[in-house]
Amino acid sequence: MIQDLVVYVAYIVYAIAVLMTFGTLLTWVERKQSAVMQDRIGANRAYVRLPFTQIKLIWLGLFHGIADGLKLMTKEDWRPKTYDWYAYAVAPWVCFVPVLLVFAVIPFGGLMVPAKLFPSLAGFFGDRAYPMQIARLDAGILIVFAFGGMTIIGAMLAGWSSYNKFSMLGALRAGSQMISYELVMGLTVLGLILIYGTVDLTTIVQEQSGTLLGFLPAWGVFHQPFAATLFMAAAIAENKRIPFDLPEAESELISGFYTEYSAMKMGLFMFAEFIEIAIIGALFTTLFLGGCNLPYMSDAGFAFPGGSVLPMSHGAVVVTQLVVFLAKVMLICSFQILIRWSLPRFRYDQVLKFAWKFMFPLALMNLVVTAVLAWMATSP
Amino acid sequence: MKPYPRKVYWNEPTMGWWERAYLFEILRGLGITSAVFLRNMWKWVTFRKGALTTYYPEETRWDYAPANRGKHVLTQRPDGRPQCVACNMCATVCPAKVIEIDAGFDPADAAHPKFPIRFEIDYSRCVFCGLCVEACPEDAIRMAKEVPGLPRYDRGQMWIGMEELLTWNPQKDVAKPYPTGGTRAEKRGSH
């Protein structure tokens, strides 16, 4: 049992480190990527001066995220005269914590056997094997949706308790928008559940190893390209980022439901948003891009279709899987930032019309077609 | 009564099924932006500059107009002293009131007994209108194409004094012939 504790504590530390790193790094990636997209240079001024020297490390502006964090932490924590200061204080955390919790059920690697990884500890670990996932729950996807749906409570609380018309309007918008898009998101994932016959994320990832039609990797995006597109759109709407950032809508609502927040409370909302980019990336990777799977790769190493085999040690496989997962997540994050800096904002009525009259029927159609195909494939 | 008929100057754009389907046009837009991204990124990773903007203080734009007038020059007499007679006309005409002159008295030079001890321009407030150049009766102040190296951490550091104004781009007033026969110092010595 103590072995389990050691492994899972290590997983939790890894997960938190990854999420925090993504949260800080993505602020930099967003700045730099948008700058390069717009023929600009981007963040390049914050520096760390080596003590007792005049050497200033700029590193392409990588320290701007740290500068932001320091600034937010040292700013005055201004509070509005609200009747419900408790809800006001707790709202950023209600937004922030569920975002972190979603990662608990996402598998970020394949199977790890500690005894093979560290031969000197073989006596301690025995022949235990752990899937690289903090909590392997049967209800994987359902947990994701349960926690994902909780962030809206934070947004509503913030808007309600700020005692401000703009916050209130932002919260109302956030509520209707997120509920609409959550529905679409659930429906798009149902198609995958039909195909794989499970809601357990580890099994879904395992099902995505191997190839489709002999050459395509058997990833969800090739099974359900339509659902993948809809899922991406709905996920960005869930995250309230720019084509769908109606709850914040600077030009109309100042900053929507967190207008009255300052200092690190406001920072928590921003941080939650950036971590959610990574979470969406991780979720999309898990459901549609085969998680930590590379094509032609199994737990023993690579086996190419030409018949050539490249065996790998267990340690190399584990590291490759971790890196592949992170690389895919980073790619999806970058894609989301590309969308955010390319598309203009919807109008509010357009957002809801888009959800209910466009994406919802499409998701239903996708589900029906998938159901019929799955039935035809299984029935004799 | 019918409303006043308005002239239609353009055709209202209508969306076909292609635009109505969102996805295709969105993909086209993403293609455009990612093409720009990849082009610029390729320039950066091959050690070229992939941006139109500049790292301002370290790097100035190459395309300043030839007629740009950004930094002042104090012209010199042949002996190297400022041509300025500290008449304060530039400081008076200056709309931003950025020129400060302290005048001194030199009885030895009968032609120009008044001269500037201190001549400073506050570039944090200068509007670069060029009125000082127009006002000067002695052609003692001119403006040149360069830009003053402005960025500082403190407004107080954005003053440029007589020393730099005389020396950063030394110009002599060639329009006014001066009697040759030695510098002023030599003359004074001969008295």
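All values reported here derive from a predicted model rather than from experimental measurement. Numbers restart at 1 for each chain; the letters A, B, ... are given by sequence-line order, proteins then strands.
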Has [X] got more than 12 heavy atoms of other residues, nucleotides or ligands less than 6.0 Å from its [atom1]?
| X | atom1 | result |
| --- | --- | --- |
| B:Arg48 | CZ | yes |
| A:Trp356 | CH2 | yes |
| B:Asn11 | CG | no |
| B:Glu163 | CD | no |
| A:Lys353 | NZ | no |

Top contributor to chain A contacts, counting heavy-atom pairs under 4.5 Å, from B:Ala21, B:Gly29, B:Ala51, B:Ser34: B:Ala51
For chain A, the option from B:Thr33, B:Val36, B:Ile32 that forms the most heavy-atom pairs under 4.5 Å: B:Thr33
Engaged part of A:Thr229 at the chain B interface, taking heavy atoms whose separation is under 4.5 Å: side chain
Part of A:Leu343 lying under 4.5 Å from any heavy atom of chain B: side chain
How far does [atom1] of [X] sit from [atom2] of [Y], to the nearest 0.5 angstrom?
| X | Y | atom1 | atom2 | answer |
| --- | --- | --- | --- | --- |
| A:Ile41 | B:Tyr56 | CD1 | OH | 13.5 Å |
| B:Phe37 | A:Ser334 | CZ | OG | 5.5 Å |
| B:Leu52 | A:Arg40 | CG | CZ | 11.0 Å |
| A:Gln38 | B:Thr53 | CD | OG1 | 10.5 Å |
| B:Tyr55 | A:Arg45 | OH | CZ | 8.0 Å |
| B:Tyr22 | A:Phe346 | OH | CZ | 5.0 Å |

SB check B:Arg39 A:Asp39 (cutoff 4.0 Å): yes
Which atoms of B:Leu23 approach chain A - backbone, side chain, both or neither, heavy atom under 4.5 Å: side chain
Pairwise side-chain contact, B:Arg20 with A:Phe358, heavy-atom cut-off 4.5 Å (strictly under): no
